[in-house]
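Fair warning: this is a prediction, and the values are worked out from it, not measured in the lab. Numbers restart at 1 for each chain; the letters A, B, ... are given by sequence-line order, proteins then strands.
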Amino acid sequence: DAGVIQSPRHEVTEMGQEVTLRCKPISGHNSLFWYRQTMMRGLELLIYFNNNVPIDDSGMPEDRFSAKMPNASFSTLKIQPSEPRDSAVYFCASSRGASSYNEQFFGPGTRLTVL
Amino acid sequence: AQRVTQPEKLLSVFKGAPVELKCNYSYSGSPELFWYVQYSRQRLQLLLRHISRESIKGFTADLNKGETSFHLKKPFAQEEDSAMYYCALSGRALNFGKGTSLLVTP
């Protein structure tokens, strides 16, 4: 089992460009989470889905950020336009069930650098 | 509002010394708390959860509702314990603290 898969692992882009991060959750898991990790703010929840439906997007910093989950095996996090302050490691995690009590399994993360 | 506070960004101890990583929370209901760990070049993973009352890799954590704390403890630290540790509170979603980097030196 490859676990949660994220791509790309590293992304370097210039300010103003569109960035798309991808995630494949573990098969059979019906909850998916997007987090952002920075030195200053630690690990922040951006949005989570249950059964492909966004449940809580209150952590999405602004309208430049959007996330979709078109099916149970794929999700994207898009930043348009990107800014240097978006530089961070973005993690995707999945879990079985809707409760946040269930163990979350994390992907390896995407390290985003916006120049 | 639910909140998790880890007051120490960095904790350095010698091998064989006891270690305690602090976690305090605020939550109006009955909390469900976890410790997640991220070793170098590995994924963030669950270490333990309070409801299991288990010891994992020699670590334990006791929920103290009076002090609203869930400190992670180990009597004798090992070098392989060096990692980033996150305390997390289960609510509508999982809320993580900012993390404590533990460095165990020989």
Trainee: Looking at L21(B), N24(B), D62(B), which one forms a side-chain contact (heavy atoms from CB on, under 4.5 Å) with H71(B)?
Mentor: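 Single side-chain contact (heavy atoms from CB on, under 4.5 Å) partner of H71(B) among L21(B), N24(B), D62(B): N24(B).
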Trainee: Taking the six-membered ring for Trp and the single ring otherwise, decide whether the centroids of Y35(A) and F96(B) are under 6.0 Å apart.
Mentor: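 Yes, close enough.
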Trainee: Relative to chain A, which segment of Q38(B) carries a heavy atom at a distance below 4.5 Å: side chain, backbone, both, or neither?
Mentor: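 The answer is the side chain of Q38(B).
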Trainee: Less than 4.5 Å apart, side chain to side chain, heavy atoms only: is that true for E32(B) and R49(B)?
Mentor: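 Result no, sub-4.5 Å side-chain heavy-atom pair not found.
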Trainee: Which of parallel (below 30°), tilted (30 to 60°) and perpendicular (above 60°) describes F105(A) and H29(A)?
Mentor: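 Rings of F105(A) and H29(A): tilted, 30 to 60°.
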Trainee: Heavy-atom cut-off 4.5 Å, strictly under: side chain, backbone, both or neither for L45(A) against chain B?
Mentor: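 Side chain only.
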Trainee: Check whether R41(B) gets within reach of chain A through its side chain, its backbone, both or neither, counting any heavy atom under 4.5 Å.
Mentor: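 Contact with chain A: none, neither part.
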Trainee: Given that the side chain runs from C-beta out, which part of E44(A) has a heavy atom under 4.5 Å from chain B: side chain, backbone, both or neither?
Mentor: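 For E44(A), there is no contact with chain B at all, as no heavy atom is under 4.5 Å.
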Trainee: Sort Y86(B) into side chain, backbone, both or neither according to what part of it lies under 4.5 angstrom from a heavy atom of chain A.
Mentor: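 The side chain, not the backbone.
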Trainee: Sequence neighbours excluded, which residues qualify as salt bridge (charged side-chain N to carboxylate O under 4.0 Å, His left out) partners of R43(B)?
Mentor: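 Salt bridge (charged side-chain N to carboxylate O under 4.0 Å, His left out) check on R43(B) returns nothing, list empty.
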